Amino acid sequence: MAEEVKILTQNWGKPDSHKLETYLAAGGYEAAKKALAMEPAKVSQTVLDAGLRGRGGAGFPTGRKWMFMPKDERPRYLCVNADEGEPGTFKDREILLQDPHMLIEGIIIACWAMQAKAGYIYIRGEFIEPAARTQAAIDEAYAKGLLGDNVMGTGWKLDVYTHLGAGAYICGEETALINSLEGRKGQPRIRPPFPPQRGVFDMPTTVNNVESIAATLFIIANGPEAYKKHGTEKSAGSKLFCVSGHVNKPGVYELPLGVPLLELINKHCHGMLNGIALKAVIPGGSSTPILTAQECENLKMDYEALAAAGSMLGSGAVIVIGEGTCLVNALRVLTHFYAHESCGQCTPCREGTGWMDQIMKRIVNGEGRIEDLDLLLSIANNMFGNTICPLADAAVGPVKSFITKFRDEFEVYIREQKGRKEKRWPVKWK
Amino acid sequence: MALQFSAPAQAEFNKLLKNYPVKEAALLPSLYLAQREFGHVSLEAMEYVAGLLGVTPARVYGVAAFYTMYHQAPVGKYLVQVCLNLPCALRGAEEVFEYIGKKLKLKEGETTPDQRFTLMKVECLGACGNAPMMQINDNYYEDLTPAKVDEILDGLK
């Protein structure tokens, strides 16, 4: 059985864990000190050797991403993606609330590796308290000489800023984030050029997720082999799994990659709420294809296993759905989300998410037609891969997988022709 | 009378300009500043911010309209935002919204006659492990029960 790991969560739960005093007492900023004594290229190589993959959802090797930064004269920037908006995901909020110094130390390491002059932490606008904690930690770091004109006495200059978003899921997409940081609408950019060539303020930029940056501390402090002791061959290290839905103990769990899904649910989350049976799991955030209870058996939570199962590890946001949940209604909740969040640039997404939601609304209200199911799949197929950014692909994920895997339930619902206000959810709110 | 930042707001504006190498990048935080100063992001407020940053009012309008957290009309003293996305819905969010709507006698988007509460439905707030939950102004209220909702709302003057 996988035991909880303490690579990212070692300070969580300590009183005043977010304060510099607590952080330093626990050995904080030693990893950054070590990195600053290394050649920048060696820092990137070390992170690459450790096999760390982007923890925001795409799973791209972090060290490799850092190496894409060009070596020309232009100033370079790191953007930390704290726009955490993928439904089911709530890990980065915990890092900002409980251990913001871990993130700042990781930013020092990343910026040194890439020789960036500044890091912007883009925090979703709703995260007021986490942003305040993060800014307070930044202020503490400046006061202590850990940031600013003379980082840890090395003569190197690094500035770190927080920047609040204003309510837009799409700003979690890296080029939309960059546009938003520049004071624009959060609409993604066509690539090429990619951010390392032309990013924020037209300068070379790398965008990394909060958890990815935080994971670099352990790698620098203990070396790649120590990191690879956890996880699987292709999915090294630990992951912050966010479990929500019909479990007894929802929450964030740091576990090695490769932990069995049912173990996560039954052991760490103390099983299904009210003893109801498992119906389905969305394994990596709402954009990842849904899995039936049967597909969950023997399924391991790592990048390869989930891809092989036709889904994705994504952000590691596990949404557990119990028997008695009306999946027609659940799907409508998601189509509403994607239609709301589409930035509107690309016709297949703007029109497609809009139509998918319109049709789902009609179905939910008891005015569905059997042909609507194939119509939804047809719209989905015309969206996928045809847009500037993957939001359209994300919207397609649930529509295609819910209808394909639970088609009987949808057909029965449509044939009933009466919609359903009761019996949508198996658990009563109390 | 033309809108203008108070001295403290002006000082804050000058400070945040230092965070960016180009002025126009300060647009999002400037709009928050304007929203706090003037109550909501009106067309006048947009024109004022446009002037401060040297961008067109149309550009400011586009940005203000794109993001959900800028309000172009006044909202109540307490903006009650209930998450209705899937993880929260699985734990009773629809009932939470109905309960609050009945308690405050509000439908979605409406404001109480005394201007105290505005009720809105929102998408995922990133607190799914403590569902169901809501955001009121700057604060998250999680693990909601009917009793907790009563306590929270009754306590907001």
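The chains referred to below are lettered A, B, ... by the order of the sequence lines, with proteins before strands, and numbering in each begins at 1. Source: prediction; values computed, not measured.
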Please verify the inter-ring angle class for A:W429 with B:Y99; under 30° counts as parallel, over 60° as perpendicular, anything in between as tilted. perpendicular

As an exercise: rank A:V320, A:L181, A:D159 by heavy-atom pairs under 4.5 Å with chain B and give me the winner. A:L181

Can you say whether A:E341 sits under 4.5 Å from chain B via the side chain, the backbone, both, or neither, judging by heavy atoms? side chain

Cut-off 4.5 Å, heavy atoms of chain A, and the answer for B:A131 is neither

With a 4.5 angstrom heavy-atom cut-off, which part of A:C343 approaches chain B: side chain, backbone, both or neither? both

Can you check whether A:R184 reaches B:F66 side chain to side chain, under 4.5 Å on heavy atoms? no

With a 4.5 angstrom heavy-atom cut-off, which part of B:V96 approaches chain A: side chain, backbone, both or neither? both

When the 4.5 angstrom heavy-atom criterion is applied to B:Q81 and chain A, the contacting part is neither

Bottom line for A:S286: the part with an atom under 4.5 Å from chain B's heavy atoms is neither

Applying a strict 4.5 Å limit to non-hydrogen atoms, the region of B:P29 in contact with chain A is side chain

Set of residues satisfying salt bridge (charged side-chain N to carboxylate O under 4.0 Å, His left out) with respect to B:E37, sequence neighbours excluded: none

For the side chain of A:R93 and the backbone of B:A127, is there at least one donor-acceptor N/O pair under 3.5 Å apart? no

In terms of heavy-atom proximity below 4.5 Å to chain B, should A:L164 be classed as side chain, backbone, both, or neither? both

Can you tell me which portion of A:Y253 sits under 4.5 Å from chain B's heavy atoms? Options are side chain, backbone, both or neither. neither

Identify which of A:K430, A:R124, A:K428, A:H340 forms the greatest number of heavy-atom pairs closer than 4.5 Å to chain B. A:R124

Below 4.5 Å from any heavy atom of chain A, which atoms of B:L84 appear? Answer side chain, backbone, both or neither. backbone

Using a 4.5 angstrom heavy-atom cutoff, name the option from A:C242, A:G85, A:S180, A:A330 with the most pairs to chain B. A:S180

Could you tell me which of A:G125, A:A168, A:G251 has the largest number of non-hydrogen atom pairs under 4.5 Å with chain B? A:G125

Would a distance-only check, ignoring hydrogens and angles, find a side-chain to backbone donor-acceptor pair under 3.5 Å from A:Y161 to B:Y20? no

Can you tell me if B:R91 uses its side chain to pair, donor with acceptor, with the backbone of A:V427 under 3.5 Å? no

For A:K185, is the NZ atom crowded, meaning more than 12 foreign heavy atoms sit under 6.0 Å from it? no

